[in-house]
Amino acid sequence: MTDTTQTPAPPAPPAAPATVEERTRQWSLYQPWLQQDPIPYWKQMRESAPIVRSEEAGGFWILTRYEDIEWAARSPELFSNAELVIPHRQIFPTKQIPIQLDGEDHRNWRLTLASLFNPGVVNHFAPRIREAAVDAIEPIVAAGRAEFLTDFGIQLPAETFLISFGIGREHLRTLLDHKTWLRREGIPNARTDEDLRLANKPLWDFFGEAIDQRRAEGVEGRRDVISQLVQGRFDGRELTRDEMINAAFVTMLASLDSTTAQLGLIFLYLARHPEVQELINADPGRIPAVVEELIRHEPVSSTGRLVTQDVERHGVTLRKGDRVLLSWGLSGLDPDAFENPDEVDFERNATRQLAFGTGPHRCLGMHLARRIIGIAVEEWHKRIPQYRVAEGTVPLHHYSPGRGLHNLDLVLGPAKG
């Protein structure tokens, strides 16, 4: 358990520009005035136009509506994945596998990696994921309170990663220390792409050593990701060591932070809505519907695309080489795609949400992410049927490519009053 000292209320965010036009021109995933809550400003921008332009980070287009984000995702011949974030940084010596690839290379790598996180594999590892969830929850029950992210929201996805990769749980601290340093110091302090690659070296070496150990031990009868990579084939040949490290590293970057972000936002909603806690406790069979609706309602991911040829949409010409921001999570709040999107409705039939993307680059790990969140909600409520945000604390949000929380202080027991 972490120190139970409550996180103090954050300072007021900087004032946002006064008009929609000014806010649009200054839009960035890293703008200080957008960190605590970008959603109201996003809605105003969406109402202003389907395609708008920010002048931040050298300039980029923003698709504000569900139908256009879906169109871009399903048009890989027009929109390349070569530059995933805005501003773009090349954090590996080569492109990230498979998410920075396009065309035939991408299709072949998807075929190579598709079996790593399919529903059958997820089912295979689910009992151990459940065990890890219980192990993390029990100290929280004993303490009567938690800083949710440190005590559970970060730990469970990281343990799941180790389980699915066949790496012992004794390496959890090493993995988290490396990842935390990379996010908090390595990437922010890197001035060049070469600095970024040097910052990545501890984790690159960590995965290389795990692959070398698996090769030495043998892979017969094993279903974990590293064993499958060692046995994998790309276009008829074996994978190189660097390719395996690349794919493992990308999986970590893509899965740990996004799942932690989604868990934090979902449990913040649940902590503020005791009636939903009661619903879950009364009928655990509703958990899949609760999870799916809250994934839609609590947006997380945004990524970039690179325009490959001139194309016109809604009277706007996107030029070859232009960059485009696709906000997958925020598309779930589009009233043209979802009736009353601001309302949480666990009877909602629409399953067209884009939280995990769509088209050829749809998230390979979506089955695992859903299972982690479902297990987390189920096992938490078995042991902690009532909880609330600690009095005197305010959850501090961040926007960034993966919208989420910096802190979430919870107290066990019913809401006061």
Practice task
Taking the side chain as every heavy atom from C-beta outward, state whether Asn407 and Glu147 have any atom pair closer than 4.5 Å.
Solution key: yes
Practice task
Please name all residues satisfying side chain to side chain donor-acceptor pair (under 3.5 Å) with Arg313, sequence neighbours left out, ordered by chain then number.
Solution key: Asp68
Problem - Heavy-atom closest contact (Arg197 atom, Gln90 atom, distance) - result: NH1-O, 3.2 Å
Handout entry: Ser400 side chain vs Leu29 backbone, donor-acceptor pair below 3.5 Å
Key = no
Fill in the blank from the handout: Scanning both residues in full, the closest heavy-atom pair of Glu83 with His88 reads CA-ND1, 3.5 Å
Exercise for the section: Under the ring-ring contact (aromatic ring centres under 6.0 Å, His included) rule, collect the residues that match up with His171, sequence neighbours excluded. Expected result: none
Handout entry: Distance-minimising heavy-atom pair for Asn118 and Ser115
Key = ND2-O, 3.4 Å
Problem - Sequence-distant partners of Val134, side chain to side chain contact (heavy atoms under 4.5 Å, CB included), two or more places apart - result: Glu138, Glu379, Arg383
Problem - Heavy-atom donor-acceptor pair, Thr24 side chain to Ser54 backbone, under 3.5 Å - result: no
Problem - Set of salt bridge (charged side-chain N to carboxylate O under 4.0 Å, His left out) partners for Arg128, sequence neighbours left out - result: none
Exercise for the section: May I ask you to check whether His367 and Phe356 place their ring centers less than 6.0 Å from one another? Expected result: no
Handout entry: Gln31-Ser28 side chain donor-acceptor pair, cut-off 3.5 Å
Key = no
Problem - Atom pair CZ (Phe125) and CZ (Arg223), whose distance is rounded to the nearest 0.5 Å - result: 7.5 Å
Practice task
Could you note down all residue pairs passing side chain to side chain donor-acceptor pair (under 3.5 Å) where residues 316-327 supplies at least one of them, sequence neighbours left out?
Solution key: Trp61-Asp322, Ser302-Ser327, Asp310-Arg319
Practice task
Supply the atom-to-atom distance Leu318 CG to Thr308 OG1, rounded to the nearest 0.5 angstrom.
Solution key: 10.5 Å
Problem - Spacing of CG belonging to Asp235 relative to CG belonging to Asn108, to within rounding of 0.5 Å - result: 5.0 Å
Practice task
Kindly say whether Asp242 contributes a backbone atom to a donor-acceptor pair with the side chain of Asn246 at under 3.5 angstrom?
Solution key: no
Which side-chain N or O atoms in residues 38-45 pair as donor and acceptor under 3.5 Å with protein atoms at least two apart or in another chain?
| from | atom 1 | to | atom 2 | distance (Å) |
| --- | --- | --- | --- | --- |
| Lys43 | NZ | Asp342 | OD1 | 2.9 |
| Lys43 | NZ | Asp342 | OD2 | 3.0 |
| Gln44 | OE1 | Arg23 | NH2 | 2.4 |

Handout entry: Heavy-atom pair of closest approach, residues Ala82 and Lys95
Key = CB-NZ, 4.3 Å
Practice task
Check for a donor-acceptor pair, side chain of Gln155 on one end and backbone N or O of Ala133 on the other, with a separation under 3.5 Å.
Solution key: no
Exercise for the section: Output yes when a side-chain donor or acceptor of Glu159 lies under 3.5 Å from a complementary backbone atom of Arg169, and no otherwise. Expected result: no
Exercise for the section: Please work out whether the ring planes of Trp71 and Phe79 are parallel, tilted or perpendicular, with thresholds of 30° and 60°. Expected result: perpendicular
Practice task
Apply side chain to side chain contact (heavy atoms under 4.5 Å, CB included) to the pair Leu239 and Trp109, showing each step before the final yes or no.
Solution key: CA-CA 10 Å; Leu239 310 187; Trp109 273 110; 3.7 Å; yes
Problem - Rounded distance (nearest 0.5 Å) linking atom OG1 of Thr64 with atom CH2 of Trp27 - result: 10.0 Å
Practice task
May I have the step-by-step check of side chain to side chain contact (heavy atoms under 4.5 Å, CB included) for Leu113 and Thr251, ending in yes or no?
Solution key: CA-CA 11 Å; Leu113 303 175; Thr251 302; over 6 Å; no
Practice task
Return the minimal non-hydrogen interatomic distance between Ala57 and Ile86, and the atom names on each side.
Solution key: CB-CG2, 4.1 Å
Handout entry: Test item: side-chain donor near acceptor, Gln26 and Glu22, under 3.5 Å
Key = no
Exercise for the section: Could you tell me the separation between the CG atom of Leu84 and the CG atom of Leu306, rounded to the nearest 0.5 Å? Expected result: 10.5 Å
Exercise for the section: Enumerate the residue pairs fulfilling salt bridge (charged side-chain N to carboxylate O under 4.0 Å, His left out) with a member in residues 264-273, sequence neighbours excluded, ordered by first and then second residue. Expected result: none
Practice task
Answer yes or no: is there a side-chain heavy-atom contact under 4.5 Å between Ile211 and Leu229?
Solution key: no
Practice task
State, yes or no, whether a side-chain contact exists between Arg371 and Asn123 at a heavy-atom distance under 4.5 Å.
Solution key: yes
Completion exercise
Of His297, Arg348, Glu292, the one forming a side-chain hydrogen bond (donor to acceptor under 3.5 Å, both in side chains) with Gln353 is Glu292
Handout entry: Atom pair CG (Leu34) and OH (Tyr399), whose distance is rounded to the nearest 0.5 Å
Key = 6.5 Å
Exercise for the section: Show the numbers, then the answer: is there a salt bridge (Lys or Arg N to Asp or Glu O under 4.0 Å) between Glu378 and Lys382? Expected result: CA-CA 6 Å; Glu378 180 182 351; Lys382 282 181 183 177; 3.5 Å; yes
Problem - Residues which pass side chain to side chain donor-acceptor pair (under 3.5 Å) with Asp212, listed by chain and number, not counting sequence neighbours - result: Arg241
Problem - Side-chain (Glu55) to main-chain (Arg25) donor-acceptor, under 3.5 angstrom - result: no
Practice task
Keeping to residues at least two apart or across chains, list the salt bridge (charged side-chain N to carboxylate O under 4.0 Å, His left out) pairs with something in residues 101-110.
Solution key: Glu104-Arg107
Problem - Check: His397 main-chain N/O paired with Gln36 side-chain donor or acceptor under 3.5 Å - result: yes
Could you give the side-chain donor-acceptor pairs of residues 330-339 under 3.5 Å, partners two or more places apart or in another chain?
| from | atom 1 | to | atom 2 | distance (Å) |
| --- | --- | --- | --- | --- |
| Ser331 | OG | Trp328 | O | 2.5 |
| Asp334 | OD1 | Asp336 | N | 2.9 |
| Asp334 | OD2 | Tyr66 | N | 2.8 |

Handout entry: Under 3.5 Å: donor-acceptor pair, side chain of Gln277, backbone of Tyr387
Key = yes
Exercise for the section: Kindly write out the residues that satisfy side chain to side chain contact (heavy atoms under 4.5 Å, CB included) with Leu176, not counting sequence neighbours, or none if the list is empty. Expected result: Ile154, Ala158, Leu172, Arg173, Lys179
Problem - Shortest non-hydrogen contact between Pro98 and Leu364, atoms and distance - result: CG-CD1, 4.2 Å
Problem - Candidate list Thr259, Ile129, Val121, test side chain to side chain contact (heavy atoms under 4.5 Å, CB included), partner Leu368, passing option - result: Ile129
Practice task
Kindly indicate, with the supporting measurements, whether the criterion side chain to side chain contact (heavy atoms under 4.5 Å, CB included) is fulfilled by Val300 and Leu265.
Solution key: CA-CA 9 Å; Val300 170; Leu265 293 170; 3.8 Å; yes
Handout entry: Backbone of Arg46 reached by a side-chain donor or acceptor of Arg65 within 3.5 Å
Key = yes
Problem - Atom CD of Glu220 with >12 non-hydrogen neighbours under 6.0 angstrom - result: no
Practice task
Check whether any side-chain heavy atom of Asp193 sits under 4.5 Å from a side-chain heavy atom of Arg89, and report yes or no.
Solution key: yes
Practice task
State whether the side chain of Thr260 and the backbone N or O of Gly153 hold a donor-acceptor pair below 3.5 Å, judged by distance alone.
Solution key: yes
Completion exercise
For residues 207-226, the ring pair (Phe, Tyr, Trp, His ring centres under 6.0 Å) pairs (sequence neighbours left out) are Phe161-Phe207, Phe207-Phe249
